[in-house]
Amino acid sequence: MAPSTSPDNSRNTLLFERARALIPGGVNSPVRAFKAVGGTPRFVQRAQGAYFWDADGKRYIDYIGSWGPMILGHGHPAVVEAVQKAVLEGFSYGAPTEREVELAEEIVKLVPSIEMLRLVSSGTEATMSVIRLARGATGRSKIIKFEGCYHGHSDALLVKAGSGLATFGSPTSAGVPPEVVQHTLVLEYNHIAQLEEAFAVHGKDIACLMIEPIAGNMNFVRASVPFMKRCRELCTQYGALLVFDEVMTGFRVALGGAQSLFARSIPGFKPDMTALGKVIGGGMPMAAFGGTRAVMEQLAPLGPVYQAGTLSGNPVATACGLATLRELQKPGFYEALGQRTRSLTSGLTKAAAQAGIPFCADSEGGMFGFFLLGTLPQNYATVMTTDSPAFNRFFHAMLDKGVYYAPALYEAGFVSAAHTAEDIAATVEAAAEFFAAR
Ligand code: KE4
């Protein structure tokens, strides 16, 4: 089946043509262009609850939710009310507000490893600032990241694994000079021996190790507990900072983020720094980074590490984020969300098994992933063994049936509190029809 494309007279097609005339690829972020899956992106006209409607008025069950932020579903009344009230007080001041303090207090209360934090406007800003701060605080230049983990598009982090093991990476993007990434070491996710080798050779020069604790940028791959335990131990042993990039997992997989899950298995576990985003803005431009007071106080205006932002802590975005975080803390929120997400992944797995299709899935809280593979991958190379054309056929068949998954096999999926059991049943039925026809 060829990728579904909207009919030529579709408003999606017409809008995509207009957009491509003025915006590179017709989109303001590459993954939205459907390049990996082919076909015509759906231009969203409006969204409500678990759904959005495209430019032709077709309804989709939304499993992207803005790539994570819309955990309550689109247009939650308490959030809408908070934003409407905030805009009447002003859009932006470039001066401190009480609400920034309230949001900081809420995050510090919910994420024990964060003693102090700074608000920024995107996950990229958060992780970019963390790298600079880690380097400034330690006086070291080298950083470790993992293949398949994405931390935004700052130069030092646009790096792919070198040819051999534990080599310094080369840029994944044009425009990034090799000297900018010469200090970035790219390792294989979940590879303990390689991690130990890297620290044995470079440990005293490593400023930080940055990791997605559940890697949503290679669909859904968990760091194993033994691997994460070694990351913590080696960072401590060599004086490097352990940085959790929880831009996607923060408040998405659990109220305390992925770090709270590792703390259940590893007594006393805490990262040194955390990057947050997505959910904490409730869909508006808001992210944050935080950690121990000793490290955070190295930041301007207190310390020598510079970092700034015109719209950082924006009063409308903080209202949206605060209203979202308050809803998440209601009793039973994550239990219900986790159960709803698991009903999706188990339903899809059962439907594929009945049709004899290789398929596996995993989820935590409101985040999930599935693979057209027999077993859950542990690293990027394995994820990429997926039959891409088969995924693309599945993606477009679901799109035609009004189910909207991430338009790339290496992206995670998201369930919101607004997704009903009926939505899940309809989603599973659509997949079962597709699998049965294979
Ligand atoms: P932003 O700069 O896009 O707000 O955040 C960058 C970022 C940092 N860290 C993690 C773990 C992330 O997942 C992201 C961004 N996630 C992607 C989805 N894979 C955003 C979607 C997009 O790029 O359009």
Side-chain angles (χ1 to χ4, degrees), residues 19 23-37 41-44 62-71 118-131 143 145-159 172-173 189 208-223 243-253 257-259 271 273-290 307 309 311-312 314 317 320-321 364-369 380 383-384 404-414:
I23 304 169
V27 292
N28 285 305
S29 197
V31 72
R32 304 176 188 172
F34 274 30
K35 196 173 175 191
V37 294
R42 298 315 191 251
F43 280 65
V44 179
D62 180 10
Y63 288 106
I64 295 187
S66 180
W67 301 94
M70 307 318 294
I71 192 168
R118 172 152 292 167
L119 302 175
V120 293
S121 299
S122 73
T124 293
E125 253 194 288
T127 56
M128 175 183 71
S129 304
V130 163
I131 296 294
I143 61 176
K145 76 173 290 288
F146 296 90
E147 188 179 30
C149 289
Y150 173 69
H151 305 291
H153 61 90
S154 64
D155 283 356
L157 290 165
L158 286 181
V159 192
T172 54
S173 169
Y189 201 77
C208 71
L209 178 155
M210 182 177 283
I211 190 166
E212 287 186 67
I214 298 176
N217 286 286
M218 38 180 159
N219 197 320
F220 190 105
V221 178
R222 294 176 187 269
V243 179
F244 262 32
D245 178 351
E246 296 223 46
V247 166
M248 188 184 288
T249 55
F251 303 108
R252 171 54 71 169
V253 300
Q259 56 193 269
M273 296 184 74
T274 301
L276 295 167
K278 297 181 191 274
V279 170
I280 70 165
M284 300 206 71
M286 168 68 66
F289 63 98
Q307 186 277 336
L311 298 179
S312 296
N314 173 272
C320 192
E364 191 68 49
M367 181 173 159
F368 70 92
Y380 179 71
V383 170
M384 298 315 284
Y404 191 79
Y405 289 122
L409 64 85
Y410 46 78
E411 295 282 2
F414 304 94

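Both counts, for ligands and for their atoms, begin at 1 and track the order of listing.
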- Message: In terms of relative ring orientation, are F146 and Y189 parallel, tilted or perpendicular, with 30° and 60° separating the classes?
- Response: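 Ring orientation of F146 relative to Y189: perpendicular.
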
- Message: I'd like to know whether OH of Y380 has more than 12 heavy-atom contacts from other residues, nucleotides or ligands below 6.0 angstrom.
- Response: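 12 or below, so no.
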
- Message: Closer than 3.5 angstrom, by distance alone: can the side chain of Q259 be matched with the main-chain N or O of P271 as a donor-acceptor pair?
- Response: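 Side chain of Q259 to backbone of P271, a donor-acceptor pair under 3.5 Å: no, none is there.
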
- Message: Given a heavy-atom cut-off of 4.0 Å, could you list the residues near ligand 1 in chain and number order?
- Response: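 Within the 4.0 Å shell of ligand 1, which is judged on heavy atoms, sit S29, V31, W67, S122, G123, T124, Y150, H151, G152, E212, N217, D245, V247, M248, K278, E411.
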
Check: residues 27-36 side-chain donor-acceptor pairs under 3.5 Å, at least two apart:
none

- Message: Going by the rule side chain to side chain contact (heavy atoms under 4.5 Å, CB included), which residues pair with V130 if we only count those two or more places apart in sequence or in a different chain?
- Response: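 Counting only residues at least two positions away or on another chain, V130 forms a side chain to side chain contact (heavy atoms under 4.5 Å, CB included) with M210, V243, M273, F289.
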
- Item | For E364, all residues meeting side chain to side chain donor-acceptor pair (under 3.5 Å), sequence neighbours excluded |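 For E364, the residues satisfying side chain to side chain donor-acceptor pair (under 3.5 Å) (neighbours in sequence not counted) are R222.
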
